[in-house]
Amino acid sequence: MSYLPEEGEFRISCKSLDVIYKTETFADINVALRKPTKLSSTFEQYYSTFALDGDRSDRSVHGAFICAQSDSLDNQHSWWVVDLQNVYVINDIDIFGRTDCCPHFLANFDVEIILPTCTCNHWNNLEEGDTINCHYQATGSQRITITCPPNTKGRYVRIKRRDSVYLNICEIEVYGKPEHSLHESGLGSIVSIYACGKIGYGYYGPVLRSSVTKSNIQCTSTCITETACSAAEYDKHTNVCTLKGECLNGTQSSLYTDNDKQVFFIQ
């Protein structure tokens with residue numbers, strides 16, 4: 001089954017949407033900069049996003065630069081994770097810790113690269129994906145440079161302690177390339193974007209916009225062109241396509257039963 005919109009070609013299968021488009025050759029770049037992040041817990045106001053603000057000039061918590069830091073909780077292994085929002089071949093990772101004190105806050109941790117299965121609430125289903133342990137760091141350090149094994153692929157990079165001590169990260173840079181690079185023929189590249197479908201459900205995410213479309217395929221294809229779109233909700237009776245952003249409602253379900261609706265999550 002296929003649908004050809006005006007500005008591109010989309011092939012849909014039971015597992016993924018393949019988007020074909022013109023591009024240029026990719027060099028290794030920091031693919032993590034300002035991408036979505038999450039901490040297992042947050043100590044005071046040292047939020048997860050502080051590890052990806054692009055500033056590693058001053059890594060003192062009490063200086064101008066602020067780091068991300070988890071809390072220290074009994075029976076919980078501290079972790080930090082970034083969603084790269086696409087599958088990348090990951091080559092090198094630079095991790096920067098504090099320079100004023102506490103090197104043990106960046107020690108005894110694993111660097112995990114996670115390739116998720118087709119799940120609908122990605123933050124809560126990281127354990128369902130394929131995980132590659134890129135590196136284990138036993139000792140504390142102010143800066144760690146890691147080279148992953150060849151052909152390490154994933155969408156998430158997670159730093160996870162093996163104990164319940166604080167985890168402090170001032171900056172992380174992840175260098176890699178999209179899984180599908182430019183073909184030498186110059187005909188373009190194929191980037192796989194996974195769409196996880198739920199039939200008979202609607203989605204509570206914030207509404208970006210609505211329009212009438214010809215099919216659920218066209219609805220989903222429209223969603224992948226919108227940067228903020230996390231889900232395409234299609235009403236099979238009215239043909240109304242509603243593009244929605246990510247639902248941030250904690251551990252509660254983001255789905256509700258509606259036999260007229262079909263929702264497709266962009267992975």
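In this text the structure is predicted, and so the values were computed from the model without any measurement.
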Asker: For Arg162 and Asp110, what are the C-alpha separation, side-chain angles and deciding distance, and is it a salt bridge (Lys or Arg N to Asp or Glu O under 4.0 Å)?
Answerer: CA-CA 7 Å; Arg162 296 188 179 184; Asp110 292 290; 2.8 Å; yes
Asker: The criterion is ring pair (Phe, Tyr, Trp, His ring centres under 6.0 Å); which residues satisfy it with Phe105, sequence neighbours excluded?
Answerer: Tyr166
Asker: For Tyr201 and Thr257, work out which heavy atoms get closest and say how close.
Answerer: CE2-OG1, 3.9 Å
Asker: Starting at NZ of Lys214, measure out to CG of Asn239 and round the result to the nearest 0.5 Å.
Answerer: 11.5 Å
Asker: Do Ile95 and Ile146 have side-chain heavy atoms sitting under 4.5 Å apart?
Answerer: yes
Asker: Rounded to the nearest 0.5 Å, what's the gap from SG on Cys229 to NZ on Lys244? Could you check?
Answerer: 10.5 Å
Asker: Excluding sequence neighbours, so at least two apart, what forms salt bridge (Lys or Arg N to Asp or Glu O under 4.0 Å) with Asp130?
Answerer: none
Asker: For the residue pair Tyr234 and Phe264, is the inter-centroid distance of their aromatic rings smaller than 6.0 Å?
Answerer: no
Asker: Between Tyr203 and Phe265, is the gap from one ring center to the other below 6.0 Å?
Answerer: yes
Asker: About how many Å separate SG of Cys223 and CG of Leu208, when rounded to the nearest 0.5 Å?
Answerer: 7.5 Å
Asker: As an exercise, state the distance from SG of Cys134 to CD1 of Ile114, rounded to the nearest 0.5 Å.
Answerer: 12.0 Å
Asker: Please examine the side chains of Cys67 and Tyr46, heavy atoms only from C-beta on, and report whether any two atoms are closer than 4.5 Å.
Answerer: no
Asker: Do the side chain of Ser70 and the main chain of Ser41 share a donor and acceptor less than 3.5 angstrom apart?
Answerer: no
Asker: Of all the heavy-atom pairs spanning Val81 and Tyr156, show the shortest one and how long it is.
Answerer: CG2-CB, 4.0 Å
Asker: How close do Ser164 and Leu73 get, heavy atom to heavy atom, and via which atoms?
Answerer: CB-O, 3.1 Å
